[in-house]
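Shown next, in structure tokens, is the structure this report addresses.
In each ligand, atom 1 is the first atom listed, and ligand 1 is the first ligand listed.
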Amino acid sequence: VDQFKGITVAMYSCYDEKGEVSTEAAKKLARHYASIGVNGLYVGGSSGEGMLQSVEERKQTLEAVMEEVGREMTIIAHVGAPSTRDSVELSKHAEQVGAHAISAVPSIYYRLSPQSVKHHWQQMIDSTSLPFIIYHIPQTTGFQLSKALLTKMAAQDKVIGVKISAESTFELQQFKAAGGEDFLVFNGPDEQYLAGRSIGADGGIGGTYGVMPELFMKIEKCYVEGKMEEARSWQFIVNDLIAELLAFPSLYGACKAILKLRGLDTGEARLPFLPVPEADMGRLESINKKIITY
Ligand code: HMN
């Protein structure tokens, strides 16, 4: 499980100027992260707009990433889709192309019983030999994962961890305790990276890491070396940047626009996510300058 620890960038979607999936852009972005020593990539999750893409587009994106960096980085494929059928198809595909793990949210839109969600996940788990990481993000899915269900899931060898994007560090600690020593917990809220790590997270998966991976790697390094004061000051710097990014009409749109300023053109976020308004470009440029100076 050690290969999953540390900083995993939740990769942003990669499109061309027409808004179609661009394997070229995906490869370039993945290569960029590999070149600066990022440990892993989470492909097709929230930041990756997996839920706004067709099964075919999601496969293309994952294939491009695997081809480019699959031998150097740990790749987690988010395969969650509203239907179990699509999720299973994506799971099998992830295994075929060599992803290191699969991960999934509960099915979205319908209010589902815990039994349905368990069955949904189970179909994916049983369809491959890959490790499975639960993706808990109740603020978007509406599904409150209970400690009882988490414990049941974690009892299976293949279920190696949970990515927690909920903002409660109490829940994070409780899930870690319920899963046991070897059960991995990934911190989701980037603004709480250090808090999550301090209370039991083994690492993190986050979207804003994508525009400032070096800063998150600094927090991680300081934490591991026991330099808590320094770790905290980096987290505070990161949090001011995140607060500024959250003020845009869409966080993903803003982060993708920052990448573009650096020559990493991933196209615009797909609607309904809004692009950065022209009038806000100056503000975006100044955020980018700030990040670059650290
Ligand atoms: C993903 O699946 O793309 C992300 O890892 C999810 C991640 O937890 C992000 N949460 C959401 O987008 C809802 C965070 O990185 C988030 O963007 C960040 O903490 C800013 O609030």
Side-chain angles (χ1 to χ4, degrees), residues 4 6-14 26 29-30 33 38-53 58 61-62 65 74-81 87 90 99 101-106 108 133-143 145 161-169 171-172 175 184-197 201-213 215-216 219-220 235-259 266 269-270 272-274 287 291:
F4 295 101
I7 297 296
T8 298
V9 169
M11 234 175 105
Y12 287 108
S13 57
C14 292
L29 187 58
Y33 294 131
V38 168
N39 182 64
L41 297 175
Y42 192 81
V43 181
S46 311
S47 311
E49 299 175 19
M51 289 295 177
L52 301 181
Q53 298 175 353
R58 295 176 67 172
T61 305
L62 181 64
V65 171
T74 299
I75 309 298
I76 305 170
H78 177 255
V79 296
S87 308
L90 286 165
I102 53 172
S103 177
V105 290
I108 54 165
I133 298 165
I134 295 169
Y135 185 178
H136 176 49
I137 181 160
Q139 67 270 43
T140 65
T141 63
F143 184 77
L145 177 63
V162 60
K163 160 167 155 57
I164 304 180
S165 288
E167 286 176 355
S168 161
T169 49
E171 187 182 63
L172 190 154
F175 280 10
L184 297 170
V185 169
F186 298 91
N187 183 76
D190 307 347
E191 45 283 63
Q192 290 179 192
Y193 184 82
L194 185 59
R197 201 69 174 84
D202 300 279
I205 300 173
T208 66
Y209 301 1
V211 293
M212 43 185 156
L215 296 185
F216 282 95
I219 303 175
E220 173 64 18
Q235 180 77 66
F236 288 175
I237 287 170
V238 158
N239 286 7
D240 286 342
L241 293 164
I242 292 179
E244 289 192 62
L245 289 168
L246 287 171
F248 286 87
S250 131
L251 170 68
Y252 305 157
C255 290
K256 283 161 67 74
I258 286 192
L259 292 176
T266 61
R270 218 165 240 191
F273 291 119
L274 292 170
I287 297 174
I291 298 176

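Applying the side chain to side chain contact (heavy atoms under 4.5 Å, CB included) rule to Ser165 yields the partners Tyr135, Ile137, Gln139, Lys163; only residues at least two apart in sequence or on another chain are considered.
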Pairs under 3.5 Å, N/O atoms on ligand 1 and on the protein: can you put them in a table with the distances?
| residue | atom | partner | partner atom | Å |
| --- | --- | --- | --- | --- |
| ligand 1 | 2 (O) | Ser46 | N | 3.0 |
| ligand 1 | 2 (O) | Ser46 | OG | 3.4 |
| ligand 1 | 2 (O) | Tyr135 | OH | 2.6 |
| ligand 1 | 3 (O) | Ser46 | N | 3.3 |
| ligand 1 | 3 (O) | Ser47 | N | 2.7 |
| ligand 1 | 3 (O) | Ser47 | OG | 2.7 |
| ligand 1 | 5 (O) | Lys163 | NZ | 2.6 |
| ligand 1 | 5 (O) | Ile205 | O | 3.4 |
| ligand 1 | 8 (O) | Ser165 | OG | 2.7 |
| ligand 1 | 8 (O) | Gly188 | O | 3.0 |
| ligand 1 | 12 (O) | Tyr252 | OH | 2.7 |
| ligand 1 | 15 (O) | Asp190 | OD1 | 3.0 |
| ligand 1 | 15 (O) | Asp190 | OD2 | 2.8 |
| ligand 1 | 15 (O) | Gly207 | N | 2.8 |
| ligand 1 | 19 (O) | Asp190 | N | 2.8 |
| ligand 1 | 19 (O) | Glu191 | OE1 | 2.5 |
| ligand 1 | 21 (O) | Glu191 | OE2 | 2.7 |

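Aromatic ring centres of Phe143 and His136 lie farther apart than the 6.0 Å criterion allows.
Thr74 OG1 to Tyr42 OH: the interatomic distance, rounded to the nearest 0.5 Å, is 14.5 Å. Taking OG1 from Thr169 and CD from Glu171, the interatomic distance works out to 10.0 Å, rounded to the nearest 0.5 Å.
Of the candidates Leu29, Leu41, Asn39, Leu41 is the only one forming a side-chain contact (heavy atoms from CB on, under 4.5 Å) with Val9.
Donor-acceptor pairing under 3.5 Å is lacking for the side chains of Tyr12 and Glu49.
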